[in-house]
Engineer: 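Take a look at this one; I'll ask things after.
Remember, it's 1-based here, ligands and their atoms both numbered in the order they're listed.
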Amino acid sequence: MKNSEIKTMGGYFQLQLSKGKEYYPDLIKLNTSRNALEYLLEIKKYSKVYLPYFTCEVMLEPMLKMGIPYQFYHINEQLEPILDFEVAEGECLLYNNYLGLKEKAVKTLTESLKNVVIDNAQAFFSAPLPGVDTIYSCRKFFGVPDGAYLQLNTEGRLNIDMDTSTYRFSHLIKSIDYGIERGYADFVENEKGLADNEIRTMSLLTHAILDGIDYEYCKTRRMENFSFLHEKLSAVNELDFDFPEQAAAMMYPLLVSKTGVKEKLIEEKIFVPTFWPNVFRWTTVDTLEYKLAKEVIYLPIDHRYSLTDIEEMLGILKKLL
Ligand SMILES: Cc1ncc(COP(=O)(O)O)c(C=O)c1O
């Protein structure tokens, strides 16, 4: 029996968290989304995985660990797969719902192809489609150190231990006392520490935090911030891509021909990420994926920001364009 399962009364108080309801109570709760993919591969026994060049390197972990062959595929300007290959019986295709903006493509793809696995790591608020294997990663959207969800369209389940997250918290708490920048080194360490971990179920601690989040608020803020930015930036945005009318997206993607904007935004302390540094190693300069990784600016639109904050960011950005 784990200490957390022994019933006690009295004593000191635990960290006090609100008790609400997690967003996906019916999905399988795991420690990371790469491990959700491993879980799925253990159950489904796929003999090969097709995955996009434009994704995060850690998604290779399960295939490397399990010795499963994999093959990269290219995406087009709509960020949709270029299907110039056949997914054979017993093989699967992993597709990213990029930034949560590709819900329509997810629907069409899963209706026309068997064995599609949807990576919703960038699309927490995109509900899984019935019968479609779908993966989520919680810390890309909320202040948790780990945690993932998996919808699996079969009955089979693995018998696995529960993870613990106690030692993955320093960046989350340091940033409250000292600010985001002073917690950054710890964040990087935590990210490294998530590599090559066993598949475990989600820790009680991460789960308790996810239980206390006001998801409606977070979703609404993202939607409003996204729409606002798109309204203001669509005329200058050179991304050749159909934006959905509305989306509780992860970030707002902006492409401009002027160089150096990304670096200048970072100097102004608007921290825009690179999705994904590994793409520079996997592809060549002439590919779309390379361009997306190098040139697209991903602007924050999350629940931490009001429209006033977004307007301020826009003011700084406009001066750089
Ligand atoms: C699109 C995408 N999928 C999956 C992952 C992996 O998620 P996790 O760190 O929860 O395994 C990442 C990055 O970490 C990602 O960017």
Side-chain angles (χ1 to χ4, degrees), residues 23-24 27-42 49-66 70 72-73 75 79-81 92-103 105-106 109 116-126 128 133-151 160 163 165 168 171-172 187-203 205-207 209-210 247 249-251 253 272-282 289 292-293 296 298 300 302:
Y23 200 69
Y24 291 119
L27 302 193
I28 302 169
K29 299 170 228 316
L30 296 166
N31 52 353
T32 60
S33 77
R34 68 200 85 171
N35 284 353
L37 179 61
E38 184 178 334
Y39 190 110
L40 178 146
L41 294 172
E42 284 280 357
V49 179
Y50 293 87
L51 78 163
Y53 280 105
F54 193 51
T55 196
C56 179
E57 183 163 30
V58 305
M59 291 310 268
L60 290 184
E61 264 186 36
M63 285 79 92
L64 295 173
K65 184 170 167 188
M66 299 168 83
Y70 59 88
F72 291 113
Y73 65 82
I75 51 170
L79 312 184
E80 292 170 20
C92 73
L93 179 133
L94 184 65
Y95 175 63
N96 287 9
N97 180 355
Y98 293 106
L99 304 168
L101 303 178
K102 296 306 300 176
E103 281 185 3
V106 165
L109 190 67
V116 178
V117 179
I118 297 300
D119 183 343
N120 266 352
Q122 292 195 321
F124 187 87
F125 289 107
S126 293
D133 292 337
T134 309
I135 290 167
Y136 296 88
S137 178
C138 306
R139 71 181 193 292
K140 316 278 189 311
F141 278 72
F142 309 107
V144 285
D146 50 30
Y149 287 105
L150 169 65
Q151 169 165 291
I160 47 175
D163 206 351
S165 305
R168 299 185 185 136
H171 61 298
L172 296 172
F187 163 74
V188 173
E189 278 311 300
N190 187 52
E191 288 294 306
K192 279 194 207 149
L194 292 174
D196 300 316
N197 272 309
E198 296 280 298
I199 312 176
R200 301 238 189 261
T201 59
M202 188 186 285
S203 72
L205 181 49
T206 295
H207 191 221
I209 297 170
L210 289 173
M250 186 193 193
M251 310 198 90
V272 291
T274 295
F275 295 137
W276 290 266
N278 49 283
V279 175
F280 303 130
R281 280 185 278 115
W282 291 356
E289 287 85 355
L292 292 172
V296 177
Y298 296 96
D302 60 76

Engineer: Between R34 and E57, is there a side-chain N and carboxylate O pair less than 4.0 Å apart?
Structural biologist: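 No.
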Engineer: Which label fits F142 and F124: parallel for a plane angle under 30°, tilted from 30 to 60°, or perpendicular past 60°?
Structural biologist: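 Taking F124 first and then F142, their aromatic rings stand perpendicular (interplane angle over 60°).
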Engineer: Can you list the residues that meet the salt bridge (Lys or Arg N to Asp or Glu O under 4.0 Å) rule with D146, with sequence neighbours excluded?
Structural biologist: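 D146 satisfies salt bridge (Lys or Arg N to Asp or Glu O under 4.0 Å) with R168 once adjacent residues are dropped.
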Engineer: Using modelled atom types and a 3.5 Å cut-off, is there a donor and acceptor pairing between side-chain atoms of Y39 and backbone atoms of I28?
Structural biologist: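 Looks like no, no N/O pair under 3.5 Å.
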Engineer: To check you understand the geometry: which heavy-atom pair defines the closest contact between E103 and S126, and what is its length?
Structural biologist: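 For E103 versus S126, the nearest heavy atoms are OE2-OG, 2.6 Å.
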Engineer: Could you pull out every N or O of ligand 1 that sits under 3.5 Å from a protein N or O, with the distance for each pair?
Structural biologist:
from, atom 1, to, atom 2, distance (Å)
ligand 1, 3 (N), D119, OD1, 3.3
ligand 1, 3 (N), D119, OD2, 2.6
ligand 1, 7 (O), S33, OG, 2.7
ligand 1, 7 (O), K140, NZ, 3.2
ligand 1, 9 (O), R34, NH2, 2.7
ligand 1, 9 (O), R139, NH1, 3.0
ligand 1, 9 (O), R139, NH2, 2.7
ligand 1, 10 (O), S33, N, 2.9
ligand 1, 10 (O), S33, OG, 3.3
ligand 1, 10 (O), S137, OG, 2.8
ligand 1, 10 (O), R139, NH1, 3.2
ligand 1, 11 (O), S33, N, 3.1
ligand 1, 11 (O), S33, OG, 3.4
ligand 1, 11 (O), R34, N, 2.8
ligand 1, 11 (O), R34, NE, 2.8
ligand 1, 14 (O), K140, NZ, 3.1
ligand 1, 16 (O), W276, NE1, 3.0

Engineer: Checking Y73 against L94 for the side chain to side chain contact (heavy atoms under 4.5 Å, CB included) test, could you report, in this order, the C-alpha distance in whole Å, the side-chain angles of both residues, the deciding distance, and whether it holds?
Structural biologist: CA-CA 10 Å; Y73 65 82; L94 184 65; 5.6 Å; no
